[in-house]
Amino acid sequence: MIRLPTPRPVKDKFYALQGLYTDQDESSWVTLWRLFKASLYHTALHAAYSDFGRYAVWAKGKDLTLATYSVSLVEDLHVTAQAAKRWPGILPDIAHANYISGLRATDPAAVGRGSLRDAASLLLAVWGIGRRAKDSSEEERKREAFASKLRSTVNAAVNMKADERKDLLLSATHEVYFQVAGGGRLPEIPFLPHTEAHGETSLFDSKLVERPDDAALLDSAYQTLGLTRGAGEQKLMKQEATDAYLDMQTNNDRLSMMKSAYESLAATTRLEGVEIPQGDYGMFLRVKSALSGPISNVKNQLRQVRNVLDETGGHEGGQLDLPEAMQVVASKARRSDVFVRLENVHKEEAWAIMIDASKSISSFSHEVKGIATCLGEVANDLVSKPDQWAMYSFNNTFEIVKDFEEDYAITTKARLGALTQRNMTLLPDAMRVVQGALASKSADIRILVLVSDGFPTGYEGIGKKLVETIKEISRSGTLLIGVGINSSEIEEYFTVHCVLDSPYQMMKTFVKAYLELSSMF
């Protein structure tokens with residue numbers, strides 16, 4: 001599981017990424033965009049080339065913190081060497097990110113003594129971003145020599161066969177371990193901010209620190225990776241960053257407009273606000289994979305329910321409609337549309353799915369996420385257009401999982417994977433918001449599906465309010481299905497309902513409820 005932080009605005013004054021705060025200007029955005037890309041490249045290289053299992057036997061009996069630092073340093077060098085050999089086009093962004101780390105780095109001598117100072121100093125030296133005094137001490141010269149030797153060793157390993165490479169990388173890791181071990185226990189693991197995190201680190205500031213050797217530091221960061229700065233690089237990076245920024249702003253504006261529309265609907269309710277979850281796409285994929293069988297079964301069953309055969313007349317061929325034919329003959333009309341056919345009739349449906357995300361259902365959070373995933377996959381398959389179905393979650397707040405105007409794509413699936421339960425169950429208030437959105441859709445049939453334990457909480461008289469809300473929605477023509485999660489309480493409110501405690505019961509119970517509902521179409 002790889003998680004990459006993305007640049008975010010803070011108080012309309014700053015951008016924040018990887019613990020770094022910058023002004024909201026064009027230059028800062030270019031820097032953040034390159035930092036983001038460096039993280040993406042770095043983690044992708046690990047996914048492609050790292051095998052951390054090769055260090056398992058070596059690490060036994062060693063200090064875990066120091067061993068982790070040693071492996072991390074060598075593997076970071078290893079994957080960067082792989083990039084130099086196979087993907088040199090990504091190196092400028094990595095070199096620039098290293099340079100930014102150098103600008104943020106505090107003097108290793110200021111973070112403490114012993115192993116922490118040694119580990120921090122070696123980390124910076126390996127990437128060519130350490131502090132350079134006019135008159136280097138013997139200790140600093142030895143460190144630079146060791147860093148240079150380490151880079152050469154790892155670079156050589158990349159061109160070897162697998163077994164030879166493994167032995168050389170293990171040897172390099174062993175040398176790093178004992179280079180730092182003499183300083184005692186390592187209290188934290190130093191790492192560059194755009195690489196994988198190993199906990200808290202005190203080495204890097206949250207802002208760029210002005211340094212007199214700024215230009216030399218930039219050149220060193222590039223040269224350490226075997227690069228020279230091109231004259232057109234900055235211009236190219238600026239254009240790319242600008243394009244990314246405009247895309248992000250367009251998306252943010254779209255989300256703001258979408259959120260504003262729901263805030264208007266929620267204004268007359270007791271909901272505390274409207275939110276758009278950040279998302280967890282990895283969780284969605286895991287849940288979907290585990291439930292692929294039930295999802296497929298429910299889809300197949302519901303397709304059969306919807307493919308209702310009906311007789312339609314007025315055709316040029318088919319089965320003769322005898323009464324109609326006799327009328328045509330008697331009237332001597334010149335017509336031949338006196339046949340009927342059995343045709344599939346599909347009435348256009350609009351679905352709105354509501355998922356209870358309150359604390360009262362938290363003990364079944366995994367089951368709720370599975371049921372929501374099933375419903376999302378089923379709705380996307382059965383509803384004719386993406387703009388004819390939506391999904392929401394609710395507690396004290398109203399959360400947009402998928403708006404009607406959004407595609408069922410990575411972003412919306414990630415929100416579904418991030419469903420969490422907290423706070424109270426403002427069920428009737430959330431239903432009013434959803435009904436407001438559903439009523440705007442042009443469709444033959446509108447269906448509201450609620451997944452909940454059926455226990456509204458939040459204020460006095462909320463149960464009575466729920467009954468009133470359900471009656472109002474039903475009178476508007478919207479059809480309702482209540483899906484009770486390990487609770488029959490939902491039966492008290494919804495005429496069409498089903499009760500289940502796992503997604504595996506969806507085919508039996510939800511399909512039956514939908515069949516019952518379809519008789520009302």
Side-chain angles (χ1 to χ4, degrees), residues 62-63 65-78 80-81 94-156 168-169 171-195 198-229:
K62 293 182 173 61
D63 179 85
T65 303
L66 184 52
T68 301
Y69 164 81
S70 304
V71 171
S72 177
L73 183 62
V74 170
E75 272 301 309
D76 284 358
L77 280 170
H78 170 223
T80 305
I94 294 175
H96 191 82
N98 291 346
Y99 159 69
I100 295 298
S101 297
L103 291 181
R104 295 176 61 184
T106 57
D107 187 344
V111 301
R113 299 184 60 81
S115 61
L116 181 56
R117 181 199 61 185
D118 295 341
S121 298
L122 180 58
L123 174 69
L124 299 179
V126 158
W127 299 109
I129 53 176
R131 292 177 177 269
R132 287 180 170 79
K134 290 183 178 180
D135 299 316
S136 299
S137 66
E138 180 66 21
E139 182 183 10
E140 290 170 334
R141 287 193 293 272
K142 286 182 178 180
R143 183 183 303 113
E144 289 290 340
F146 179 76
S148 178
K149 176 189 173 185
L150 188 62
R151 289 194 297 267
S152 298
T153 300
V154 175
N155 287 337
L168 198 53
L169 291 177
S171 175
T173 306
H174 191 74
E175 289 189 47
V176 171
Y177 185 91
F178 285 100
Q179 180 77 12
V180 179
R185 181 179 175 277
L186 187 62
E188 64 180 63
I189 301 174
F191 58 89
L192 300 187
H194 63 280
T195 64
H198 296 292
E200 297 294 328
T201 179
S202 56
L203 183 59
F204 298 98
D205 204 324
S206 61
K207 62 181 183 299
L208 303 181
V209 181
E210 186 176 350
R211 290 175 50 159
D213 60 345
D214 189 344
L217 179 71
L218 181 58
D219 288 335
S220 177
Y222 274 69
Q223 291 166 7
T224 299
L225 298 189
L227 303 172
T228 55
R229 286 191 292 143

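Keep in mind it's a predicted model, so treat the numbers as computed, not measured.
Residues Arg151 and Leu77 approach most closely at CG-CD2, 4.0 Å, considering heavy atoms. Contact detail for Leu186 and Ser115: the closest heavy-atom pair is CA-OG, 3.3 Å. Here the shortest heavy-atom pairing between Ala81 and Asn155 reads CB-OD1, 3.3 Å. Of all non-hydrogen atoms in Pro190 and Leu203, the two that sit nearest each other are CB-CD2, 4.2 Å. Here the closest heavy-atom approach between residue Leu124 and residue Pro108 is recorded as CD1-CG, 4.0 Å. What you find for Ser101 and Ile129 is that their closest heavy atoms are CB-CD1, 4.1 Å.
Salt bridge Glu140/Arg143: absent, no basic N to carboxylate O contact under 4.0 Å.
Side-chain atoms of Asn98 and Tyr222 include no donor-acceptor pair closer than 3.5 Å.
Between the side chain of Thr173 and the backbone N or O of Val71 there is no donor-acceptor pair closer than 3.5 Å. The backbone N or O of Ala216 sits nowhere less than 3.5 Å from a side-chain atom of Ser220 that would complete a donor-acceptor pair.
Rounding to the nearest 0.5 Å places CD1 of Ile189 at 10.5 Å from OH of Tyr69. Here the NE2 atom belonging to His78 is positioned 13.5 Å from the CG atom belonging to Leu73, to the nearest 0.5 angstrom. Going from atom OG1 of Thr153 over to atom CD of Glu175 covers 6.5 Å, rounded to the nearest 0.5 Å. Summarising the geometry, atom CG belonging to Asp107 is positioned 10.0 Å from atom CZ belonging to Arg117; distances are rounded to the nearest 0.5 Å. Interatomic distance, Leu116 CG to Ser121 OG, rounded to the nearest 0.5 Å: 9.0 Å.
In this structure, Ser70 and Val74 have side chains that are not in contact, with every pair of non-hydrogen atoms separated by 4.5 Å or more. Counting heavy atoms from C-beta outward, His174 and Lys62 have side chains that approach closer than 4.5 Å. Annotation: side chain of Phe191 is not in contact with side chain of Asp76 (no heavy-atom distance under 4.5 Å). Contact check for Thr228 versus Gln223: no side-chain heavy atoms found under the 4.5 Å cut-off. Looking at Thr65 and His198, their side chains never come closer than 4.5 Å, going by heavy atoms from C-beta outward.
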**Item:** Intermediate values then yes/no, salt bridge (charged side-chain N to carboxylate O under 4.0 Å, His left out), Lys142 and Glu139
**Value:** CA-CA 5 Å; Lys142 286 182 178 180; Glu139 182 183 10; over 6 Å; no

**Message:** Checking Asp118 against Gln179 for the side-chain contact (heavy atoms from CB on, under 4.5 Å) test, could you report, in this order, the C-alpha distance in whole Å, the side-chain angles of both residues, the deciding distance, and whether it holds?
**Reply:** CA-CA 8 Å; Asp118 295 341; Gln179 180 77 12; over 6 Å; no

**Item:** Working for side-chain contact (heavy atoms from CB on, under 4.5 Å), residues Trp127 and Leu225
**Value:** CA-CA 8 Å; Trp127 299 109; Leu225 298 189; 4.0 Å; yes

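Within 6.0 Å of the CD atom in Glu200, the count of heavy atoms belonging to other residues, nucleotides or ligands does not exceed 12.
Remark: of the listed residues Val180, Leu192, Thr195, Leu192 is the sole one forming a side-chain contact (heavy atoms from CB on, under 4.5 Å) with Leu123.
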